[in-house]
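Each chain gets a letter, A, B and so on, in the order the sequences are listed, and its residues count up from 1.
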2 protein chains.
Amino acid sequence: MQKSDFLSTRVPSYADVMTAQARGLHARVLDSLGPAITAGEYPPGSVLRTDELAQRFEVSRSVMREVVRVLESMHLVASRRRVGVTVRPTEEWNVYDPQVIRWRLAGADRPRQLRSLTVLRSAIEPVAAGLAARNATAEQCAALTECALGMVATSRGRRLEEYLVHDVAFHRVVLDASGNEMFARLGDVVAEILAGRTHHDVMFEDPDPAAVTLHVRVAEAVREGDADRAEALTREIAEGALKELDILAPPPATR
Amino acid sequence: MQKSDFLSTRVPSYADVMTAQARGLHARVLDSLGPAITAGEYPPGSVLRTDELAQRFEVSRSVMREVVRVLESMHLVASRRRVGVTVRPTEEWNVYDPQVIRWRLAGADRPRQLRSLTVLRSAIEPVAAGLAARNATAEQCAALTECALGMVATSRGRRLEEYLVHDVAFHRVVLDASGNEMFARLGDVVAEILAGRTHHDVMFEDPDPAAVTLHVRVAEAVREGDADRAEALTREIAEGALKELDILAPPPATR
DNA sequence: GTGATGCAAAAGTCTGACTTTTTGAGTACG
DNA sequence: CGTACTCAAAAAGTCAGACTTTTGCATCAC
């Protein structure tokens, strides 16, 4: 009956939430089976049976059915009578589902996945920045400038974690300010990519000063409403990200 | 069968599959409740109760629970004990889920939705075309040329339906040939947009000859491996699509 | 070989009982 | 007067079992 009145007011981090054991049986099974499928542990064409899965995970059939339904809605599997639950080919998966993205980024082909997403980014963000220059509110311009300044301030002295926070915030604001909901919803993906770069792909050195400058100039361009310049500058940032990726993990040999 | 095999023997599209009536109780309820939510019939913050829904739709609680689980995985609702199933704010929806896209396109704010998606297209497709110029196989080049020729052949004489088929196929091939799975998966979205233009937004006249020519030239550029030209030409096509949209449904007044 | 027939496997559905979490009202205590 | 504690009810969550429906496959008749 103790009260945890010390150290009690910490805000639970994302990892805490996702790692928590308390999310219900259904979510736990999903988080076990989902990654297994996306990792190719059950290759496309594999057939699973609901009852068998229920036994394996030691849950009732109702729970397992709900899990299968969700996997089905992600197009990871297809359920057919008398056949069972079939793993669908990769090309049919809902690769834009944030959950699927997370599972795949956590799995073995993380590099491939990271490349796909970075290319996607390089297509989206310049256009988003152009739109932001036209549509950003005063508050968004201010936020953008603040982020850029934060990046400058933390760009030296191995303060990578602090830098990351500002970097993520910057790109989120741009995507939001574009006024396009499809763009805005990619904020999480970008956050995931940037975090991955800092944490997994081992950034030994401080961030590229040229990149930092570019961010500052994008903020300027947006503030001034110069769409073309904002787009061009963001395109440069994207080019940089692609180049960086080529160095870390060269692309598959071109056909 | 007449004409090109690769057009006639195409795999059944998503829409085909999902329109079928025989999909089981669960899917039918989902297709009733999902659109209702995305249409704003239950505004964000509304609280539903599983049992009540089960009664309303005349299905068992198990079926309704599975429906709720799927809606939850789309981030349309959140389910909490003792409180019920809450409709989440629009900004949190998984707007890239093909099912959600279809529901929203079928609903009231179709124009808004169509604009978001067209802007997305205008960002993606030029980049995809550039990549396609680098990566397309001989078969894909051939398919692309065939599509372009088909577009030319059906561009006059009010053969809009036939034209649409070739147009959709063209863009699908480009997205596929880009070699990026994130791009490839947008084929359905593009198909939806193009079909919408032909069917809903009333194309009175034959397609713009300039657009047709641009498609032919994109096919050329890809075949010749000229990435920059393929990208620039596709950007022109996208510009055209955006302009067309501005005429049909002017954008909200810029702030 | 071809087509009809029937069996069985697996998903789909329904029902009722039970558990767990959470909220909000009531209550005691300072 | 307000704070903190208790408690009961509400709703989702879980489980088990029985039944239905579809459908692949093997068998059999022609």
Side-chain angles (χ1 to χ4, degrees), chain A residues 1-6 8-9 12 16-34 37 42 44-88, chain B residues 12 17-34 37 42 45-88:
Chain A
M1 214 158 283
Q2 56 166 4
K3 306 168 206 168
S4 54
D5 40 10
F6 78 98
S8 56
T9 53
D16 291 338
V17 175
M18 299 311 288
T19 316
Q21 294 298 326
R23 264 167 323 145
L25 216 35
H26 158 270
R28 249 175 295 166
V29 174
L30 190 63
D31 257 7
S32 172
L33 190 52
I37 292 175
Y42 305 88
S46 312
V47 176
L48 313 170
R49 259 152 301 122
T50 317
D51 301 28
E52 191 186 284
L53 288 173
Q55 278 190 17
R56 172 141 24 121
F57 288 101
E58 296 177 299
V59 295
S60 68
R61 290 200 333 283
S62 351
V63 168
M64 190 46 76
R65 282 184 53 74
E66 288 167 21
V67 170
V68 168
R69 274 281 138 73
V70 170
L71 292 173
E72 201 178 20
S73 89
M74 296 169 170
H75 278 68
L76 259 41
V77 303
S79 175
R80 282 173 56 210
R81 275 178 153 133
R82 168 67 212 240
V83 170
V85 177
T86 320
V87 178
R88 305 180 76 161
Chain B
V17 177
M18 299 312 285
T19 314
Q21 291 297 331
R23 277 157 313 142
L25 215 37
H26 157 270
R28 249 174 295 167
V29 174
L30 189 64
D31 257 8
S32 173
L33 189 52
I37 293 174
Y42 306 88
S46 312
V47 176
L48 313 169
R49 259 153 295 121
T50 317
D51 299 26
E52 190 186 286
L53 288 172
Q55 277 190 15
R56 171 144 22 121
F57 288 102
E58 296 177 298
V59 294
S60 67
R61 291 193 333 277
S62 357
V63 168
M64 190 46 76
R65 283 184 52 74
E66 288 167 22
V67 171
V68 168
R69 275 279 138 73
V70 171
L71 292 174
E72 200 177 22
S73 89
M74 296 169 172
H75 279 69
L76 293 182
V77 303
S79 176
R80 282 173 55 209
R81 273 177 156 136
R82 167 64 210 240
V83 74
V85 177
T86 322
V87 178
R88 305 180 76 160

If you compare every side-chain N and O of B/Arg61 against the phosphate oxygens of C/dG16 (OP1, OP2), does one of them come in below 4.0 Å?
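Answer no for this pair, as no side-chain N or O of B/Arg61 is under 4.0 Å from OP1 or OP2.
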
Please check the phosphate of C/dG12 (OP1 and OP2 only) for any side-chain N or O of A/Ser79 closer than 4.0 Å.
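Yes.
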
Could you give the [atom1]-to-[atom2] distance, from [X] to [N], as a whole number of Å?
X: A/Arg65; N: C/dC14; atom1: CZ; atom2: C1'; answer: 11 Å
X: A/Phe57; N: D/dC15; atom1: CZ; atom2: P; answer: 14 Å
X: B/Leu71; N: D/dA12; atom1: CG; atom2: P; answer: 14 Å
X: B/Arg69; N: D/dT14; atom1: CZ; atom2: C1'; answer: 10 Å
X: B/Leu25; N: C/dT15; atom1: CG; atom2: P; answer: 11 Å
X: A/Met64; N: D/dT14; atom1: CE; atom2: C1'; answer: 13 Å
X: B/Glu72; N: D/dA12; atom1: CD; atom2: C1'; answer: 10 Å
X: A/Arg23; N: C/dT21; atom1: CZ; atom2: P; answer: 15 Å

Please assess B/Glu66 against B/Arg69 for the test salt bridge (Lys or Arg N to Asp or Glu O under 4.0 Å), listing each intermediate value before the final yes or no.
CA-CA 5 Å; B/Glu66 288 167 22; B/Arg69 275 279 138 73; over 6 Å; no

Show the distances under 3.5 angstrom between N or O atoms of the protein and N or O atoms of nucleotides 4-10 of chain C.
unit_1, atom_1, unit_2, atom_2, d
C/dA8, N3, A/Arg82, NH1, 3.3

Return the minimal non-hydrogen interatomic distance between A/Glu72 and A/Ser79, and the atom names on each side.
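What the structure gives for the nearest pair is OE2-N, 3.4 Å.
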
Take a 6.0 Å sphere around CZ of A/Arg56 and say whether it holds more than 12 heavy atoms from other residues, nucleotides or ligands.
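Yes, CZ of A/Arg56 has more than 12 neighbouring heavy atoms, counting only those of other groups under 6.0 Å.
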
Working to the nearest 0.5 Å, report the span between CG of A/Leu76 and CG of A/Leu33.
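One gets 9.0 Å once the value is rounded to the nearest 0.5 Å.
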
Can you tell me how far apart CG (A/Leu71) and CG (A/Leu53) are? Round to the nearest 0.5 Å.
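Answer for the CG-CG pair, A/Leu71 versus A/Leu53, is 9.5 Å.
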
Less than 4.5 Å apart, side chain to side chain, heavy atoms only: is that true for B/Val59 and B/Arg28?
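Counting from C-beta outward, B/Val59 and B/Arg28 never come under 4.5 Å.
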
